[in-house]
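Remember, it's 1-based here, ligands and their atoms both numbered in the order they're listed. As the structure is a computational prediction, the values presented were derived from the model and not from experiment.
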Amino acid sequence: MKKNSFVWHPNTQMKEWSSFDTIVKAKGMWLTTSNGIHLLDGVGSMWCNVWGHSKPELVNAIMSQSKKVQHSSMFNLTNEPAEKLAKNLIKLSPGMHRVFYSDNGSSAMEIAFKIALQYRKNVGDKNKTKIATLKNGYHGDTFGAMAVGYVPEFFGKFKKQLFPTIQFPVPNGYRIPKGYSFLDYQNFCLDKIETEFSKDGKISTFVMESGAQVAGGVIIFPKEFQKKISNLCKKYDVLLVLDEIATGFGRLGSMIQYTEQKCTPDIVAYGKMLTGGYLTMAATLTSKKIYDSFLGEFNDHRHLFHGHTFTGNPIAAGVANENLRLYQKNNLIDKIQKTSKIFKGYYNEILKLDIVGDIRHKGMLMGIEMVKDKKKKTPINSKVSINKILFEVGKKNGIYLRTLGNIVMLVPPLAISEKELDLLLSRTIDTIKSAQNKLL
Ligand SMILES: Cc1ncc(COP(=O)(O)O)c(C=O)c1O
């Protein structure tokens with residue numbers, strides 16, 4: 001470890017990393033290290049970058065708002081950019097009525113759970129107290145988020161401290177249990193949900209990522225799966241909370257993923273791409289029904305007891321407004337759908353690699369699952385970190401990769417050009433090829 005660094009890095013075995021490359025410049029899709037190495041950003045600054053780095057319009061939005069109001073809290077006050085952004089978000093999000101701001105995705109989800117659970121109290125429903133969710137979902141690293149998005153490998157050490165949730169299986173086309181067709185297994189999962197919903201009426205809320213599970217292994221939901229869950233929620237009076245933090249705003253090829261999935265949540269959370277990936281901001285949106293249940297006399301104490309220092313930060317909101325303007329001006333969603341086709345051209349080449357078992361792709365997201373044995377589908381399970389090996393080899397090939405378990409994740413900035421995406425994919429293939437002996 002570099003002697004002069006005091007930083008503890010996220011999700012990192014610090015003993016394994018003797019030093020970290022320092023990014024000193026970032027422009028377009030490229031990051032430059034202090035050693036002059038140029039890396040094509042395959043991670044999109046942890047899945048949040050929209051336009052690439054140093055986009056002049058976004059930089060200007062930050063600068064111009066910085067000159068007016070840098071921060072003034074939402075406690076007793078409001079600010080223009082946050083008001084404008086809330087209006088913009090409501091316009092984009094069918095069925096939504098109010099926006100509660102926070103500054104990261106985990107908090108946005110915690111807020112969603114608190115709102116959903118308190119809603120039941122507000123309407124005097126004592127029976128509905130449980131939260132249900134899908135196995136392998138991920139909603140952040142704080143305690144509530146860990147309880148609901150419980151990924152055993154990440155959070156097993158805290159299991160005893162986490163509040164209980166009911167978890168249902170997820171259909172993953174690559175790992176269908178023996179004896180089922182993919183469709184049968186989807187129906188099996190949905191039946192399980194319906195059986196539990198209809199049992200004793202105790203389920204208050206169903207929480208899921210919208211469109212796909214990302215951190216849980218890039219599991220893209222089959223057509224209609226989410227819609228059918230949404231229908232079950234309506235049928236059994238269960239609130240639907242959707243997490244669009246990683247999958248909304250074009251990542252999967254639609255601005256608002258739940259409109260593509262044809263379902264109507266009661267609560268939805270956005271984060272990551274909201275500010276183009278430049279500043280930290282997230283938002284939890286609710287329907288009118290939910291919002292109205294919090295209204296009452298002061299003494300009723302039914303308002304939402306939640307608030308963060310940087311809630312509704314005007315600089316973050318200002319850059320988010322500019323980001324949304326650019327989505328429209330540049331028809332970004334159409335562009336993503338076109339550029340995304342580049343991934344398809346590489347399916348065969350990637351699948352031919354010795355250690356690749358499956359690829360899962362939608363929009364600007366691709367997961368490449370690496371296995372020891374293609375027939376048995378045994379995940380590779382190296383004693384050293386797979387991520388570190390691939391990162392180092394990727395660096396030599398001029399790309400920045402961050403691998404999750406045995407899944408290589410490609411999550412580039414949304415506006416990446418076709419040429420740069422071609423480069424990212426061909427260099428990823430070279431990287432997996434060069435690393436495979438070390439990985440097995
Ligand atoms: C689906 C989903 N929800 C929530 C979060 C948590 O967001 P944050 O890292 O901003 O707390 C993430 C982060 O990757 C995510 O992928």
Side-chain angles (χ1 to χ4, degrees), residues 9-12 42-50 100-116 131 133-151 153-155 165 167 170 205-221 226 240-252 254 256-258 261 265 267-285 306 308-311 313 316 319-320 360 362-367 387 402-405 407 409-414:
H9 288 250
N11 293 309
T12 299
V43 185
S45 298
M46 215 50 228
W47 318 344
C48 66
N49 193 293
V50 176
F100 196 100
Y101 288 117
S102 54
D103 40 309
N104 63 79
S106 310
S107 299
M109 291 308 293
E110 298 277 347
I111 292 161
F113 309 149
K114 280 174 76 172
I115 292 176
I131 292 186
T133 182
L134 294 174
K135 276 188 187 146
N136 256 356
Y138 176 80
H139 303 291
D141 287 347
T142 50
F143 266 83
M146 288 196 290
V148 180
Y150 182 71
V151 182
E153 303 86 67
F154 299 175
F155 305 136
T165 57
Q167 308 206 335
V170 191
T205 306
F206 193 91
V207 183
M208 66 189 289
E209 284 156 86
S210 190
Q213 294 184 323
V214 185
V218 189
I219 310 299
I220 293 154
F221 300 139
Q226 185 169 327
L240 178 63
V241 172
L242 291 180
D243 180 342
E244 296 222 355
I245 289 158
T247 52
F249 281 65
R251 177 58 64 198
L252 297 186
S254 300
I256 304 299
Q257 183 54 210
Y258 74 77
Q261 300 285 341
I267 302 176
V268 63
Y270 304 132
K272 294 203 185 271
M273 274 95 41
L274 180 58
T275 63
Y278 281 28
L279 284 179
T280 170
M281 175 171 251
T284 308
L285 281 69
H306 196 100
H308 295 287
T309 306
F310 290 103
T311 287
N313 174 262
V319 72
R360 300 185 276 276
K362 189 170 181 186
M364 279 294 159
L365 171 70
M366 180 180 253
N387 167 52
R402 167 90 190 173
T403 306
L404 249 174
I407 317 273
M409 313 274 294
L410 292 181
V411 200
L414 298 176

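- Judged by the shortest distance from any of its heavy atoms, Lys272 lies inside the 4.0 Å radius around the atoms of ligand 1.
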Would Glu110 and Thr142 count as a side chain to side chain donor-acceptor pair (under 3.5 Å) here? Give the steps.
CA-CA 8 Å; Glu110 298 277 347; Thr142 50; 2.5 Å; yes
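- Within ligand 1, counting atoms from 1 as listed, the ones closer than 4.0 Å to a heavy atom of Tyr138 are 1 (C), 2 (C), 3 (N), 5 (C), 12 (C), 13 (C), 14 (O), 15 (C), 16 (O).
- The shortest N or O to N or O distance between Trp47 and ligand 1 is not below 3.5 Å.
- Residues His139 and Asp243 bring a donor and an acceptor atom of their side chains to less than 3.5 Å of each other.
- Relative orientation of the His306 and Phe100 rings is perpendicular, given thresholds of 30° and 60° on the angle between their planes.
- With respect to Ser210, the side chain to side chain contact (heavy atoms under 4.5 Å, CB included) criterion is satisfied by exactly one of Thr247, Leu240, Val268, Val241: Thr247.
- A side chain to side chain contact (heavy atoms under 4.5 Å, CB included) with Met109 is found for one member of Thr284, Ile245, Ile267 and no other, namely Ile245.
- Shown in contact with Glu209 at under 4.0 Å from a heavy atom are these atoms of ligand 1, numbered in order with element: 1 (C).
- Interface atoms of ligand 1 facing Gly105, defined by a heavy-atom separation under 4.0 Å, are 6 (C), 7 (O), 8 (P), 10 (O), 11 (O).
- Close contacts of ligand 1 with Ser106, meaning ligand atoms under 4.0 Å from a residue heavy atom, involve 6 (C), 7 (O), 8 (P), 11 (O).
- In this structure, Asp243 is part of the shell of residues with a heavy atom less than 4.0 angstrom from ligand 1.
- The line from CZ of Arg360 to CG of Leu365 is 10.0 Å long, rounded to the nearest 0.5 Å.
- Counting heavy atoms under 4.0 Å from ligand 1, residue Val214 does not touch it at all.
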